[in-house]
Amino acid sequence: MNERRKPYPFDRLEPKWQAIWDEARTFHALNPGEKDFDPAKPKFYVLDMFPYPSGAGLHVGHPEGYTATDITARYKRLNGFNVLHPMGWDAFGLPAEQYAIKTGQHPAITTRENIAKFKAQLKRIGFSYDWEREINTTDPGYYKWTQWIFLQIYNSWFNPETKKAEPLSTYRGGDPDSVRLAYVAEVAVNWCPELGTVLANEEVIDGKSEVGGFPVVRRPMRQWMLRITAFADRLLDGLDNLDWPEGIKLLQRNWIGRSEGAEIEFPLVGTPQRGVPTSESIRVFTTRHDTIYGANYMVLAPEHPLVDRLTTDDQKAAVAKYREQVAAKSDLERTDLAKEKTGVFIGAYVINPVNQEKIPIWIADYVLVGYGTGAVMGVPGHDDRDLEFARKFNLTVLPVVQAPGKTPEESIGFLEDGVSINSPIIDGLPTPDAKKKILAWLQERGVGRPDVRYKLRDWLFSRQRYWGEPFPIVWRDGKHEALSEKDLPLEPPALDDFKPTGTGEPPLAKAKDWIRYSENATRETNTMPQWAGSCWYYLRFCDPQNQDRFVGEEPESYWMGGEQPGGVDLYIGGVEHAVLHLLYARFWHKVLFDLGHLSKPEPFQRLVNQGMILGEDNRKMSKRWGNVIDPLDVIEIYGADAFRCYEMFMGPLEQMKPWSMKGVEGVSRFLARVWRLMMTENQAGEWELSTALQEAEPTKAQQKITHATIKKVTEDIEGLAFNTAISQMMIFVNAFTNLEVVPVSAMRTFLVLLNPFAPHISSELWQQLKSPGDITSQTWPRYDESFLVEDEIDIVLQVNGKVRDRVKVPLDATNEQLETAARANEKVRNAVGSQTIRKVVVVPKKLVNIVAA
RNA sequence: GCCGAUGUGGCGAAAUGGCAGACGCAACGGACUUAAAAUCCGUUGGGCUUAACCGCCCGUGCCGGUUCGAGUCCGGCCAUCGGCACCA
């Protein structure tokens, strides 16, 4: 009963062609040096962000980007490129581990099942991946090299002279451990009690874990860190030469958060009885050193190391109490802007170096220990936070910058540039000059210097989880040392109980035998974060089976080479990775590049973010709203080709857009019309070649639309404007529908154009037409401009910018002829009436506009 | 608060500064059919006018500007979405 009649037999032909492609290894990409590899062809590396294989399977958002890359991959192959188009699995991760905790089932089993499901779904959509290059980040053959790369990072340092990562052997200092790019530090980390692990800053949203939404608290712990901050400037500068959306570049720039300013020393007021020498000072970082005359108090972060020593006895109790309160706050509470400023005077003073005034030192939690020097000069006149603080505690507010068009009093609270006032050394100077002069003044006296600070922090790289890469590190006498390369991969121990210990000690600590490395050495028990595997997977795809290297030199320089700074030619994925994966991967890439392992300084040349697909109700798809679409359900009814084409026809790739089952049906109708253009159903209900198909010369009009379609589809694929490419193909099909004679040559051309979008139906019809060879080995058609020009063209006649008529004129009509025709036109004359013609604008081949008044 | 993106028919959308709404959905009418589905053909931004044809006016979030001409460029608002958020 629910056996719906198929508009064309996609249910038969789609699996047929998928089997043929598998069998013939149609989409297998050859590496340089392999048999049949053609070095004359240019390369094209088109990559998807590989998925985490969740238990829920694919949703319609995944195949949106995947279809876009697949169309590009098939198009590039037809254009004579060697195309690398791979797929794999980012399979370490929390959900599998959470499931293991609940059920006791090993995450590897869950992962294997989920991958099988994902793969079956992707294959059913007919993507042209080279499945022989499939990789899985949880495979020991893969994470062996993730661990190996970690060791490269561990054994490197950032040389500030060359501004590059170099092997530790070039380091001349006394303490190599202090400069390693991977180091251990006791840091205040984001500890999530619920998940039993620490998280990176990037994984904490509004004081809650990105995964699960559990509260996150600050807690000092001994952790592995990666020195990404050393690369801050290179990560910024590298963006300039990438073809990425400007918005994403901006997100990364803001995340890195480079600020140029000054570091200034405020000498402490000595109190010999407490042993504080007068030569000591507190350093602050500021970007507005021109406002230093307005600095009439100083604020330290509550955790600032000097607080204990500087607090006077009578303030000790109050300070201790305040610090206790602050420590108890979650990040969410602490950053809640709505709340009032708090703080405590610690009893000590510093001297403002420009006017020798004695100013009080406070602690307040609006100053962060992790940024700048953990201390700020309070300038209530021109910083709204300082102003709020000063008002709360009745401190003086002095204007020192006069904003344009304002009185000094009105200028209070303004952060903009202006002219310095109440500032003897720089009075009357505009802000940029004032900054320069005061900085020079401070520098001469040795109490200030130019400084650059970043919001970016070093990357917290260890996790207290089971389902991740173990660190190839052992501890001996309280010191860490690297495993040798031959000990890789280091596999995690077998465990029955994957639960977090709750103490912050990783689950691996439960495996007593595994931990014990030798008489006096034990293994590191932390694991790497999920990002590790995705930091370099695009490299492994170039050479996935290599046993001896993370990627062979020749495949790497071929697929990741080229003219551009970035290796991957096109990378499509979700915007949610704008600052996480995309920054981490660039960082690893630069380290490996510096160490001489890679050809190009950037991983991804062109990046495109696909927009989110909403439910039919215009809400985000979620179980909660019951509006989730399963791709396989759609394919069951309409077929994979219709599914692919609809995903592209919905609208611009980068735009957010709602799903519409009716829309799928419309696209499905289009494909059915393509089918019936060439096939008819006989008495027995079987499909056979249409008798209208003939080896006939296309008419002039047919040539025109064919070449217009070649042109439009070609240009639109290059510009990733797939929706309008499909529109043009619809126009083509409409033009050829219901004809007595359908020229086969035009159909063959059309099928090649359609192939990247709807590979199954186009392959089948290509074969049905008894065309030579397979459609996948054809050459992309070229359009001939001469078919597009017409003898006569439409000219728009306007009066004062309003359309009054349209006339046909010969293509070669001169401007004078156009103007004459316009003046003679009756509708134009009516519109002009008794007005005088002031001017006539003639745009050749387009329009005539008569200006009359 | 700061930064960014987006605002066009009933809906998804299209339009190198030059005919706004291509293409598709939905809706309506017709053909085919005993009938329905499917398919094919046609109409479809709003308004005024007309018996009808014809004709006219308005219209791309709002206000202004540049231009012979603005959905498109510039300035100022408003709304929605996204990111960052005490970063000194």
Side-chain angles (χ1 to χ4, degrees), chain A residues 4-5 7 205-206 245-251 253-255 257-259 261 284-289 291 295 299 301 334-337 339 341 364-368 370-379 382-386 388-389 415 453-457 575-576 578-579 611-612 616 618 645-646 649-652 654-667 669-670 672-673 676 721 723-731 733-734 737-738 794-806 827 830 838-843 845-853:
Chain A
R4 195 174 180 284
R5 192 162 146 39
I205 316 280
D206 290 337
E246 283 306 315
I248 300 296
K249 289 189 185 182
L250 203 66
L251 281 176
R253 289 192 182 109
N254 290 343
W255 190 264
R258 182 188 156 101
S259 289
V284 301
F285 173 70
T286 176
T287 55
R288 289 305 299 266
H289 29 291
T291 64
V299 193
R334 185 161 170 177
T335 58
D336 186 358
L337 275 176
K339 77 172 175 62
K341 291 272 180 291
D365 66 357
Y366 82 92
V367 174
L368 308 174
Y371 184 77
T373 59
V376 302
M377 58 181 201
V379 184
H382 305 283
D383 181 292
D384 47 11
R385 297 154 303 189
D386 295 343
E388 203 187 318
F389 187 82
L415 290 158
R453 297 284 173 158
Y454 304 89
K455 283 205 280 183
L456 183 72
R457 309 293 156 79
V575 72
E576 67 272 19
V579 285
M612 204 195 321
E616 299 233 18
N618 255 303
C645 288
Y646 175 66
F649 186 63
M650 290 172 82
E654 302 183 53
Q655 192 169 302
M656 193 191 293
K657 45 214 177 279
W659 187 264
S660 158
M661 232 19 134
K662 284 289 185 187
V664 187
E665 202 169 317
V667 173
R669 274 203 280 268
F670 157 65
R673 281 153 74 96
R676 290 195 311 269
N723 53 330
T724 47
I726 293 172
S727 293
Q728 181 62 34
M729 290 191 283
M730 287 173 168
I731 292 169
V733 169
N734 291 345
T737 296
N738 287 342
D794 277 320
I795 296 294
V796 171
L797 304 182
Q798 296 181 334
V799 175
N800 293 332
K802 283 190 179 169
V803 180
R804 292 298 166 181
D805 205 0
R806 292 154 195 135
K827 287 179 185 169
N830 285 344
R838 307 273 182 204
K839 187 174 175 184
V840 178
V841 181
V842 180
V843 183
K845 296 180 188 178
K846 281 248 168 65
L847 61 75
V848 181
N849 186 17
I850 292 177
V851 185

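When reading the values below, keep in mind they use all heavy atoms of this one structure, side chains included, and skip hydrogens, waters and symmetry mates.
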For [N] and [M], measure between their [atom1] atoms and round to the nearest Å.
N	M	atom1	answer
B:rU60	B:rG17	C1'	15 Å
B:rC56	B:rC3	P	48 Å
B:rG9	B:rA20	C1'	11 Å
B:rC62	B:rU67	P	23 Å

If pairing requires Watson-Crick or G-U wobble contacts with both distances under 3.5 Å, which nucleotide is the partner of [N]?
N	result
B:rG59	none
B:rA14	none
B:rA5	B:rU80
B:rA36	none
B:rA51	none
B:rG64	B:rC74
B:rA27	B:rU43

Counting side-chain heavy atoms from CB outward, which of [options] is closest to [X]?
X	options	result
A:Arg673	B:rC23, B:rC41, B:rC68	B:rC41
A:Leu368	B:rC56, B:rA22, B:rA88	B:rA88
A:Asn849	B:rA14, B:rG18, B:rC86	B:rG18
A:Lys662	B:rA26, B:rG83, B:rA15	B:rA26
A:Tyr366	B:rC86, B:rA14, B:rA13	B:rC86

Is the A:Phe285 ring parallel, tilted or perpendicular to the A:Tyr371 ring (thresholds 30°, 60°)?
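A:Phe285 and A:Tyr371: perpendicular rings.
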
Length of the OH-C1' vector between A:Tyr454 and B:rC84, whole Å:
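Computing the A:Tyr454:OH to B:rC84:C1' distance gives 19 Å.
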
| said: For the residue pair A:Lys341 and A:Phe389, would you count it as a cation-pi contact if the rule is NZ or CZ under 6.0 angstrom from the ring centre and within 45 degrees of the ring axis? | reply: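 That pair does not qualify as a cation-pi contact.
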
Anti or syn, where syn is a glycosidic angle within 90° of 0; which label fits B:rG46?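 Anti for B:rG46; the angle lies over 90° from 0.
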
Could you check whether the side chain of A:Lys455 and the base of B:rC84 have a donor-acceptor pair of N or O atoms closer than 3.5 Å, going by distance alone?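 In this structure, the two groups form no donor-acceptor pair.
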
N/O donor-acceptor pair, side chain A:Glu246 with base B:rG4, under 3.5 angstrom:
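Flag unset: no donor-acceptor pair detected.
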
Query raised in the report: Side-chain contact, heavy-atom cut-off 4.5 Å: A:Met377 with A:Thr286?
Result: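 Yes. Closest side-chain heavy atoms under 4.5 Å.
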
Please report the closest heavy-atom contact between A:Val367 and A:Ala301, naming both atoms and the distance.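 Shortest heavy-atom contact: O-CB, 3.4 Å.
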
Under the ring pair (Phe, Tyr, Trp, His ring centres under 6.0 Å) test, residues paired with A:Tyr646 that sit two or more places apart: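 Only A:Trp659 meet the ring pair (Phe, Tyr, Trp, His ring centres under 6.0 Å) criterion with A:Tyr646.
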
